[in-house]
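Chain letters run A, B, ... following the sequence lines, proteins first and then strands; every chain starts at 1. Predicted, not measured: the structure shown is a model, and the values here were computed from it. Every heavy atom of this structure was used, including side-chain atoms; hydrogens, water molecules and symmetry mates were not.
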Number of protein chains: 2
Amino acid sequence: MRNHTSGLARDLEVLEVLSFAEAFTSGGLGVNRIAELTERDKGQISRVLKTLSSSGLVDRDDKTRRYSLGPRLYSMAMRTKEAHLALLSEPRLFELVAQTQETAHLNVLRGGRVLTTKTVVAAQALRRSGWDGIVSAAGSTASGRVMLAGLSDEEIELWWLEHAQDDPLPALQTAFTKPLEPINRKVKRQLPAKNLKAFLKILQEVRDLGYAISDGEFQPGIVDAAAPVRDSSNIIVAAISTGVPKERVGSQFDSLGQLVSGAALRFSTDLGAPIIGPA
Amino acid sequence: MRNHTSGLARDLEVLEVLSFAEAFTSGGLGVNRIAELTERDKGQISRVLKTLSSSGLVDRDDKTRRYSLGPRLYSMAMRTKEAHLALLSEPRLFELVAQTQETAHLNVLRGGRVLTTKTVVAAQALRRSGWDGIVSAAGSTASGRVMLAGLSDEEIELWWLEHAQDDPLPALQTAFTKPLEPINRKVKRQLPAKNLKAFLKILQEVRDLGYAISDGEFQPGIVDAAAPVRDSSNIIVAAISTGVPKERVGSQFDSLGQLVSGAALRFSTDLGAPIIGPA
DNA sequence: GAATTAAGTTGTGCATAGGTCAACCTAAGG
DNA sequence: CCTTAGGTTGACCTATGCACAACTTAATTC
């Protein structure tokens, strides 16, 4: 079969590259750098960037001639389902933060991975830079497991085959860091379970409990608790989670789980979910 | 000169259409509808959408076969300068809301128009759907005037020539509403001033005062107050604003202006702006 | 549940959009 | 002033994506 839109796909790589560049560089990238990273001709990249910046998807700094992600992205992103959900979740996340004094997140499952859409930081929190927009592996986070638990066994099997071995961070990010800054940090890939059967058992426990706990599996020293958010069709559409340093929870996993569950339930009813006890 | 990326530009129109569709439809658009709106072949649109959805920029509902803006947009948008600023502004916007009991916004000036990046609604507010991501004409909003006042006279003249007559809403939106819902609402185009000289005088007043007031010019019955936010180079990078129903302000314009100025100043120092009195 | 209609996907020849490669600018630094 | 690197523009030529149509799949009607 002939590929009819490979040009578009190639041009979109420019956005990908800029997206990851944003995390490591400041002031954006020049035409040459982008051409290297995408392995394309600099002349062509120059033209592509002209088009992209005239649409506002990328932003051109006329002084330095460097490009970065543009304002149009922001304006479009606010029209997505994800943004809508994030907006609605704010009050409930604030409630949870008030109760726990810890940072709270709203996450959704997209493409087999966990996308954090909204973060509310606790007043005491050190790191201000949010996790918003960050994508993580679903198997090793509490949020991911809570949302996977809402799927049917066949769907979970599909996920297992495709995404169980995902790197915690997306592929292009490591591909990009390599040529730019030669930090060869070993990403320790921790599998959520030995095999599918073991993983299904974990998910069944999550279903029974009503929330999931990840004890340092995603970030060492951080206990992650998450509970499912359901919409009016009673389908799991998101997860509310909170990450707490281990020394602050001790072994009080259950009370943390209860708090997160409560916030998730309240948000679910906000969305019109039927009020039923745990099946 | 021959155009080397008109294909890309055409394909990006698909995103534009979806972006505006989001406001009027729910559940997204089908291939045929998008083909109509972009005046392209449905076969080609089908292929373009396949590419766009494999990159996550659009989202495909496998059941209904309808497309809407995708999660990747959200994740990219969170890496933009605009998102960064919006995140940092949150605490200051909350402070302002606590003081005024009215909804507060953070706005930036992009492409001659005002882009609202963050909205914090007051507890009493009726409408929950935010203004985030909405683009408005710069001349008739307080935020726009505050930010234009930070430019040099030549830059303002350039803006006047290109954008003074802008519709309050972007062009494609009206173009899109026409075929979809035949509401022929007349957009009353209200010029900010009769001519450039008069407008420059208005901006000078804004500079002297330190804030701008728009008395129902943007939305009838709403008094809009805005003050400039400066970064570490003392350049105006955004505006904090608040919109108050006229009956609740009365003629207390100045005290409202002072509150907004205070919030904007505090946020400016957060960003590392030099602390100097109004020149 | 068969028949009809609408919506979406895939196949193919042909014209054109975009890739290659080069020359030409423009800005910064010695 | 010259040199060098980054960025833009130009021109040729081929691969890409457009038009048109056939085909598949889903929804609707009787």
A.B. asks: Rounding to an integer number of Å, can you tell me how far B:Leu29 CG sits from C:dG8 P?
C.D. replies: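 The distance from CG of B:Leu29 to P of C:dG8 comes to 10 Å, rounded to the nearest Å.
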A.B. asks: Nearest to the A:Asp41 side chain among D:dC20, C:dT20, D:dG7, which nucleotide is it?
C.D. replies: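 Of D:dC20, C:dT20, D:dG7, C:dT20 is nearest to the side chain of A:Asp41.
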A.B. asks: Measuring from atom CG of A:Leu12 to atom CG of B:Leu52, what distance do you get when rounded to the nearest 0.5 angstrom?
C.D. replies: 6.0 Å
A.B. asks: Donor-acceptor pair under 3.5 Å: do we get one between A:Arg33's side chain and the base of D:dG7?
C.D. replies: no
A.B. asks: Would you kindly give the CD1-to-C1' distance between A:Ile45 and D:dT8, to the nearest whole Å?
C.D. replies: 14 Å
A.B. asks: Rounded to the nearest angstrom, tell me the gap between atom CZ in A:Arg40 and atom P in D:dT16.
C.D. replies: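 My rounded result for the distance is 12 Å.
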A.B. asks: Identify, between A:Val48 and B:Thr64, the residue whose nearest nucleotide on DNA chain C lies closer to the 5' end.
C.D. replies: B:Thr64
A.B. asks: Picking from C:dA17, C:dT9, C:dA27, which would you name as closest to the side chain of B:Lys42?
C.D. replies: C:dT9
A.B. asks: Between atom CG in A:Asp11 and atom P in C:dG18, what is the gap in whole Å?
C.D. replies: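 Atom-to-atom, A:Asp11 to C:dG18, this comes out as 8 Å.
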A.B. asks: For the residue pair B:Phe199 and B:Trp159, does the interplanar ring angle fall in the parallel (under 30°), tilted (30 to 60°) or perpendicular (over 60°) class?
C.D. replies: parallel
A.B. asks: Measure CD1/B:Ile34 against C1'/C:dG8 and give the value in whole Å, please.
C.D. replies: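 Going from CD1 in B:Ile34 over to C1' in C:dG8 covers 12 Å.
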A.B. asks: Could you tell me the separation between the CD atom of B:Glu36 and the C1' atom of C:dG8, rounded to a whole number of Å?
C.D. replies: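 In whole Å, C:dG8 C1' lies 14 Å from B:Glu36 CD.
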A.B. asks: Measure from the side-chain heavy atoms of A:Lys50 and tell me the nearest of D:dG6, C:dT10, D:dT9.
C.D. replies: D:dT9
A.B. asks: Let me know which of B:Leu49, B:Val14, B:Val58, B:Leu37 forms a side chain to side chain contact (heavy atoms under 4.5 Å, CB included) with B:Leu29.
C.D. replies: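 Filter result, single survivor: B:Leu37.
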A.B. asks: If I take atom CG in residue B:Leu52 and atom C1' in nucleotide C:dG8, what distance separates them, rounded to the nearest angstrom?
C.D. replies: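 It works out to 16 Å between those atoms.
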A.B. asks: Of all the choices, C:dG8, C:dC21, C:dT12, which nucleotide is nearest to the side chain of A:Arg47 once you look at every atom?
C.D. replies: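 Looking only at side-chain atoms, A:Arg47 lies closest to C:dC21.
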A.B. asks: Taking C-beta and beyond as the side chain, do A:Asn107 and A:Met147 meet within less than 4.5 Å on heavy atoms?
C.D. replies: yes
A.B. asks: Is B:Leu57 close to B:Thr51 at the side-chain level, that is, under 4.5 Å between some pair of heavy atoms?
C.D. replies: no
A.B. asks: I need the CG-P distance between B:Leu49 and C:dA7, as an integer number of Å.
C.D. replies: 16 Å
A.B. asks: Mind checking B:Arg60 for me? I need base, sugar-phosphate or nothing, with any heavy atom below 4.0 Å counting as a touch.
C.D. replies: sugar-phosphate
A.B. asks: Counting just side-chain N and O atoms, does B:Asn32 come under 4.0 Å of either OP1 or OP2 of C:dG8?
C.D. replies: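 So the side chain of B:Asn32 is within the cut-off, an N or O lying under 4.0 Å from OP1 or OP2 of C:dG8.
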